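Notes to accompany the following structure.
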Amino acid sequence: MTSPIDLFLGGAQTVVDALSDSRVGQAWDQPSVLEEQSVGGLAGHLARGVWVVGEYVHAGTPTAPVDFSSAAEYFVFFAETAQAEDHRAIRRRGAAVAANGWHGVGEELASRLEVMSGALTSLPPDRLVTVIGGKVMALGDYLLTRVVEQAVHLDDLARSIGAASWTLPDGHEAAALCIGLETARLRRGTGALLRA
């Protein structure tokens with residue numbers, strides 16, 4: 001099985017490739033398929049979802065107890081607690097990144113990913129990180145949340161520009177789907193998932 005670090009880095013390179021696509025640049029200020037989010041804002045959200053990993057790793061190792069023991073637990077928590085203002089804040093952060101323009105966002109993402117790649121490959125997946133909201137989880141589990149974000153939002157980006165989605169590395173989409181199924185099981189129960 002591919003490691004979470006390799007899945008994340010492979011998906012991150014696909015995000016770099018997608019954001020360098022001229023069709024994304026041409027549609028930058030147009031609405032995306034996501035509510036109240038431009039194509040640029042969606043691209044900014046995708047880019048930030050990659051480089052925030054480096055920020056979390058650089059912040060050091062937390063000593064607090066683990067809040068989420070899997071990527072699915074992370075998604076369950078936010079699905080059940082996120083309010084409208086949380087979603088607005090996500091859109092604002094994406095728009096703030098997008099304000100740097102198509103070329104600027106792509107260049108910053110590529111630069112940050114190059115620096116981060118070496119650091120990530122030297123870290124164990126069980127190394128703890130503090131993520132959004134001060135929550136603590138293992139690096140490998142957090143990277144799997146980014147894998148889901150990459151798979152979902154690359155599809156959103158492709159649909160927003162009327163294109164076929166970019167090809168993700170082997171195992172990437174399967175990992176995202178497994179996490180989605182586990183999230184559904186935790187939220188609705190095994191029986192409900194089997195019946196669905």
Side-chain angles (χ1 to χ4, degrees), residues 1-28 32-34 37-57 68 70-76 78-79 90 93-94 97-98 102-103 105-121 123 125 129 131-132 137-185:
M1 179 179 166
T2 309
S3 77
I5 291 172
D6 290 339
L7 285 172
F8 167 77
L9 289 175
Q13 185 56 56
T14 305
V15 173
V16 170
D17 296 342
L19 267 57
S20 68
D21 190 314
S22 62
R23 294 171 296 179
V24 173
Q26 291 162 5
W28 197 255
S32 75
V33 296
L34 299 182
Q37 202 164 27
S38 68
V39 168
L42 173 56
H45 177 68
L46 259 169
R48 188 179 177 282
V50 171
W51 72 51
V52 74
V53 171
E55 294 172 1
Y56 290 160
V57 167
F68 308 127
S70 70
E73 286 185 9
Y74 170 98
F75 284 118
V76 168
F78 286 104
I90 290 168
R93 288 192 294 268
V97 172
W102 173 51
H103 287 295
V105 173
E107 288 170 3
E108 182 172 3
L109 173 59
S111 174
R112 286 195 188 212
L113 180 59
E114 184 177 355
V115 172
M116 184 173 48
S117 295
L120 276 183
T121 55
L123 293 174
V129 290
V131 299
I132 192 166
M137 61 192 304
L139 174 63
D141 292 329
Y142 183 67
L143 292 177
L144 289 175
T145 73
R146 303 303 86 198
V147 166
V148 172
E149 291 275 318
Q150 291 165 355
V152 169
H153 291 314
L154 281 167
D155 178 67
D156 291 333
L157 187 62
R159 290 186 298 121
S160 295
I161 63 171
S165 194
W166 296 269
T167 302
L168 285 158
D170 288 345
H172 192 285
E173 289 172 322
L177 289 170
C178 285
I179 294 162
L181 285 171
E182 179 61 8
T183 301
R185 187 189 71 79

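The structure displayed is predicted, hence computed values, not measured ones.
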Quiz item: Do I90 and H45 pass the side chain to side chain contact (heavy atoms under 4.5 Å, CB included) test, and can you show the C-alpha distance, the side-chain angles, and the key distance before you say yes or no?
Solution: CA-CA 8 Å; I90 290 168; H45 177 68; 3.5 Å; yes
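- Closest approach of G140 to P4, counting heavy atoms only: O-CB, 3.4 Å.
- Side chain of W28 to main chain of A98: a donor-acceptor pair is present (N/O by atom type, distance under 3.5 Å, no hydrogens or angles).
- Between D141 and F68, the closest side-chain pair of non-hydrogen atoms is not below 4.5 Å.
- Judged as a salt bridge (Lys or Arg N to Asp or Glu O under 4.0 Å), and not counting sequence neighbours, E107 has no contacts.
- When the side chain to side chain donor-acceptor pair (under 3.5 Å) test is applied to R159, the partners found at least two apart in sequence or on another chain are D155, D156.
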Quiz prompt | Stepwise side chain to side chain contact (heavy atoms under 4.5 Å, CB included) test for F8 and Q150 | solution = CA-CA 8 Å; F8 167 77; Q150 291 165 355; 3.4 Å; yes
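- Across I132 and F78, no two heavy atoms sit closer than the pair CG2-CZ, 3.4 Å.
- For R146, the side chain to side chain donor-acceptor pair (under 3.5 Å) partners at least two apart in sequence or on another chain are Y74, Y142.
- Among the candidates V15, V16, T14, the single residue satisfying the side chain to side chain contact (heavy atoms under 4.5 Å, CB included) test with L46 is V15.
- With sequence neighbours excluded, the residues satisfying side chain to side chain donor-acceptor pair (under 3.5 Å) with E73 are S69.
- Residues passing the salt bridge (Lys or Arg N to Asp or Glu O under 4.0 Å) test with E149: none are found, sequence neighbours excluded.
- Using a 4.5 Å cut-off on side-chain heavy atoms (C-beta onward), I161 and Q26 make no contact.
- Heavy-atom minimum distance, S160 versus V33: OG-N, 2.9 Å.
- T2 places no side-chain N or O within 3.5 Å of a backbone atom of L7 that could act as its donor or acceptor partner.
- Atoms NE2 and CG, on H172 and L144 in that order, are 9.5 Å from each other to the nearest 0.5 Å.
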Practice problem: Quick one: do L9 and L113 satisfy side chain to side chain contact (heavy atoms under 4.5 Å, CB included)? Show the steps, please. | Solution: CA-CA 8 Å; L9 289 175; L113 180 59; 3.9 Å; yes
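- Although no hydrogens or angles enter the test, the distance criterion places no donor-acceptor pair under 3.5 Å between the side chain of S111 and the main chain of E108.
- For S165 against L154, the heavy-atom pair with the smallest separation is OG-O, 3.7 Å.
- With T183 contributing its side chain and V76 its backbone, the two residues share no donor-acceptor pair below 3.5 Å.
- With sequence neighbours left out, V57 forms a side chain to side chain contact (heavy atoms under 4.5 Å, CB included) with V53, L120, L123, R127, V129, L139.
- Contact detail for V97 and G44: the closest heavy-atom pair is CG1-CA, 3.6 Å.
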Quiz item: Going through the distances and angles, do D21 and W166 end up as a side chain to side chain contact (heavy atoms under 4.5 Å, CB included)?
Solution: CA-CA 10 Å; D21 190 314; W166 296 269; 3.5 Å; yes
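- Minimum interatomic distance between S32 and L42 (heavy atoms only, all atoms of both residues): CB-CD2, 4.1 Å.
- You'll find the side chain of L168 stays beyond 4.5 Å of the side chain of V147, heavy atoms only.
- W51 contributes no side-chain N or O that, together with a main-chain N or O of A110, makes up a donor-acceptor pair within less than 3.5 Å.
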